[in-house]
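To keep things clear, I will list the structure first and then write my remarks on it.
Both ligands and their constituent atoms are indexed starting at 1 by order of listing. Quick caveat, the model's predicted, so the values are computed rather than measured.
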Amino acid sequence: MKVLHVSAECYPIAKIGGLADVVGALPKYQKNQGVESSVIMPFYDNKFTNSNHFESIYDSELLLGGISHSFSVLKLQDTDVLDIDVFFIDVPDLLYKDFVYSYDDTDRFLAFQIAFLDWLLTLNKQPSIIHCHDHHTGLVPFMLQESLKYKNLKDIPVVLTIHNAQYQGWFSHDKVSYIPPFDFEKVGLLDWGGVINPLAAGIKCAWAVTTVSPSYMEELQHAANGLESLLSDEKDKCVGILNGIDDEVWNPETDEFIVKNYSARNVHVGRQENKDWLCKEFGLDNEKPLFAFIGRLVGEKGADLLPQAIEIGLESNDINVLVLGSGHKEIEEQLDNLKNKYAGSYNAFIGYDEKLSHIIYASADFLLMPSRVEPCGLNQLYALRYGTVPIVRRVGGLKDTVIDIGDGGFGICHNETSVHDIVFSIERATQFYKKTTAFKKVKKVMMDIDHSWNASAKKYLKLYKSLN
Ligand code: ADP
Ligand code: GLC
């Protein structure tokens, strides 16, 4: 079986969030299970593309709103990077930028999808499955089904994974002519609520739709940013498959980013060495419990509540807090402003830093995830793997992966994304930290859980087989 993943992100090539981690890991695990898996993504101007080698395998042109854009398909030559084939769509004037997402994403990702299908038409051997990820690739199922140009590809089963239904890629009907010609009676397949909605079109036209946790699949029936009734109508072809983690990248025994490697056997000593380094670096007290937040500073993650919750938490408990993230300017500023007031027990790195994130997972005692929406969430899985107790709101994938210590589990859970619940959880955690034996025991328990992709890759394989 030959599976081609189509995505805007893939770790370590280009990463904004968890989408990259999934697309950088699942294909590797599929390969280990005998599936010939590869990835196709845009060619960005970044550190990775500037320091690796690529072979040009196809050149052509595409039309977008009457304007012609030349494009090439490139293949990554350094095969050791991911251990699978990675292809790139290079549209120099649209995609080759030093960012992944921008204001003109409609044109950029339309070009990506059209160039991809144009190239696919020229291949002798087609994939047995096309696996699309998120709205950036959501028009592929429609174009395969309806665009006259691609009628020879019509029989390839296409799976769409929704990583986050908050973002749908909406654009106005005046750009419908950018999509290669189709029977105009079918324009309704592209429309949702009077605009072109790539995610909705993908849900309608894909052969199967997956989301990244079973609970999120259920939640989408009631809360899908306007797509509730569509997801409810299409529920027979939808399934929730929990994300896994890349056990090779996220392994405290071998992780090259962290200060001291460790396993469940020497978790306390190993983690303390990482924590000592981190606390020194950020001017924190290594004897106090360390609470961390890593992520996008947006409402979905509950980040708008962090400044107030952190302030109350610091006032009423003897703790440290460290934030790593970027996003809304207002939240960034508020989190930055706390630095002076709580110097010595609070710090923040506003920005993106992959290495620092690994060190935090290896050091922090608790990881805060008060998400309003969390389709899966990978941070809590990395935290578990590294022995950091996750503090999560019971939502989406967080609900599916974290069991509260009060229920015999290894995390701290709360029901609402509210300052009250976050502060209360910080207090519970602080008390738990003092129960040294129980706190130490729980680390070993959570580090032993297998959250690798092995089990979920099998579920995807079963799904693919049901479509072939
Ligand atoms: P989402 O994709 O919604 O942002 P996930 O939990 O699925 O959330 O994945 C987030 C990924 O991005 C994780 O690998 C996390 O460690 C990483 N990450 C998020 N923000 C930062 C940051 N500021 N610096 C480094 N890594 C980050
Ligand atoms: C999205 C979701 C996140 C999920 C990730 C990978 O970014 O917000 O919850 O873990 O995709 O599937």
Side-chain angles (χ1 to χ4, degrees), residues 5 7-12 14-26 100-101 131-137 160-168 199 210-217 219-220 223-225 240-246 249-250 255 257-258 292-303 306 322-328 331-332 335 348-364 367-386 388 390 392-393 395-402 451 453 456 460:
H5 290 269
S7 172
E9 301 178 35
C10 175
Y11 181 82
K15 169 169 170 179
I16 301 298
L19 169 63
D21 289 358
V22 169
V23 178
L26 173 60
V100 173
Y101 304 118
H131 190 150
C132 296
H133 296 266
D134 269 351
H135 73 83
H136 325 102
T137 61
L160 172 70
T161 294
I162 305 173
H163 293 262
N164 197 330
Q166 295 301 107
Y167 309 99
Q168 300 171 9
L199 188 66
T210 72
T211 59
V212 289
S213 72
S215 284
Y216 186 55
M217 187 85 251
E219 289 163 12
L220 284 177
N225 204 10
I241 300 178
L242 191 67
N243 281 340
I245 65 173
D246 188 330
V249 175
W250 296 95
D255 190 331
F257 286 134
I258 64 178
F293 174 91
I294 300 173
R296 296 181 289 121
L297 300 176
V298 296
E300 255 177 73
K301 301 282 177 194
L306 284 178
L322 179 62
V323 173
L324 165 62
S326 61
H328 286 317
I331 307 178
E332 290 184 355
L335 288 167
F349 182 98
I350 304 300
Y352 189 92
D353 190 326
E354 190 74 24
K355 178 178 162 70
L356 179 58
S357 75
H358 285 242
I359 300 176
I360 297 177
Y361 292 118
S363 308
L367 186 79
L368 294 164
M369 295 188 75
S371 306
R372 289 192 175 83
V373 181
E374 198 61 84
C376 178
L378 295 171
N379 296 17
Q380 83 280 15
L381 303 182
Y382 301 145
L384 293 173
R385 183 87 180 88
Y386 281 65
T388 300
V392 305
R393 172 173 174 229
V395 68
L398 300 175
K399 192 163 129 188
D400 292 345
T401 52
V402 181
H451 271 297
W453 269 104
S456 293
Y460 274 111

request  = Answer side chain, backbone, both or neither: which part of Asn379 comes under 4.0 Å from ligand 1, heavy atoms only.
outcome  =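 Both of them.
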ask   = What part of Lys301 sits under 4.0 Å from ligand 1 if we count only heavy atoms: the side chain, the backbone, both or neither?
value =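 Near ligand 1, Lys301 shows its side chain, while the N, CA, C and O stay back.
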If you measure every N or O of [X] against every N or O of ligand 1, does any of those distances drop under 3.5 Å?
X: Gly18; answer: yes
X: Tyr361; answer: yes
X: Asp21; answer: yes

task = Measure Asn243 to ligand 2 on non-hydrogen atoms and call it side chain, backbone, both or neither using the 4.0 Å cut-off.
result =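 The answer is the side chain of Asn243.
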task = Go through ligand 1 atom by atom and flag the ones less than 4.0 Å from a non-hydrogen atom of Gly17.
result =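 Per the distance check, 2 (O), 11 (C), 12 (O).
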key: Residue Gly325 vicinity, atoms of ligand 1 by number, heavy atom under 4.0 Å   =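 Selected atoms, number and element: 23 (N).
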Does at least one non-hydrogen atom of [X] fall below 4.0 angstrom from an atom of ligand 1?
X: Tyr382; answer: yes
X: Gly377; answer: yes
X: Ala20; answer: no
X: Lys15; answer: yes

Which residue owns the protein heavy atom closest to [atom], what's the atom, and how far is it?
atom: atom 23 (N) of ligand 1; result: Gly351 O, 2.9 Å
atom: atom 11 (O) of ligand 2; result: His163 CB, 3.3 Å
atom: atom 9 (O) of ligand 2; result: Glu374 OE2, 2.5 Å
atom: atom 4 (O) of ligand 1; result: Arg296 NE, 2.8 Å
atom: atom 25 (C) of ligand 1; result: Asp353 O, 3.3 Å
atom: atom 22 (C) of ligand 1; result: Tyr352 CD1, 3.4 Å
atom: atom 19 (C) of ligand 1; result: Gly295 CA, 3.7 Å
atom: atom 5 (P) of ligand 1; result: Leu378 N, 3.6 Å

query = Is there any N or O on Glu300 that sits under 3.5 Å from an N or O of ligand 2?
reply =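 No, no N or O pair falls under 3.5 Å.
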key: Polar atom proximity, Cys376 to ligand 2 (N or O, under 3.5 Å)   =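 Yes, Cys376 has an N/O under 3.5 Å of an N/O on ligand 2.
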For ligand 2, which atoms sit closer than 4.0 Å to a heavy atom of [X]?
X: Val22; answer: 6 (C), 12 (O)
X: Val212; answer: 12 (O)
X: Leu19; answer: 6 (C)

key: Considering all heavy atoms, the nearest Cys10-Gly24 contact   =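 Nearest heavy atoms, Cys10 then Gly24: SG-CA, 3.8 Å.
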key: Over all atoms of both residues, closest heavy-atom pair of Ala165 and Leu199   =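 That closest heavy-atom pairing would be CA-CD2, 3.8 Å.
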query = Out of Ile162, Asn164, Ile16, Asp21, who gets a non-hydrogen atom closest to atom 8 (O) of ligand 2?
reply =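 Closest candidate by heavy-atom distance is Asn164.
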From the candidates Gly377, Ala20, Gly17, Ala165, the one that places a heavy atom nearest atom 4 (C) of ligand 2 =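 Considering heavy atoms of Gly377, Ala20, Gly17, Ala165, the nearest to atom 4 (C) of ligand 2 sits in Gly377.
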Any non-hydrogen side-chain atom of [X] less than 4.5 Å from a side-chain atom of [Y]?
X: Tyr167; Y: Tyr101; value: no
X: Arg393; Y: Met369; value: no
X: Glu9; Y: Val100; value: yes
X: Ser456; Y: Asn243; value: no

request  = Please confirm whether the backbone N or O of Tyr361 pairs with a side-chain atom of Thr388, one donor and one acceptor, at under 3.5 Å?
outcome  =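 Checked: pair present.
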key: Rounded distance [0.5 Å steps], OH in Tyr382 versus CD1 in Ile245   =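 Nearest 0.5 Å value for the OH-CD1 distance: 6.5 Å.
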task = May I ask you to decide whether Lys301 forms a salt bridge with Glu374, counting only side-chain N to carboxylate O separations under 4.0 Å?
result =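 Salt bridge present between Lys301 and Glu374.
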Return yes if a side-chain donor-acceptor contact under 3.5 Å exists between [X] and [Y], otherwise no.
X: Tyr216; Y: Asp400; result: no
X: Thr401; Y: His451; result: no
X: Asp255; Y: His358; result: yes
X: Glu354; Y: Tyr352; result: yes

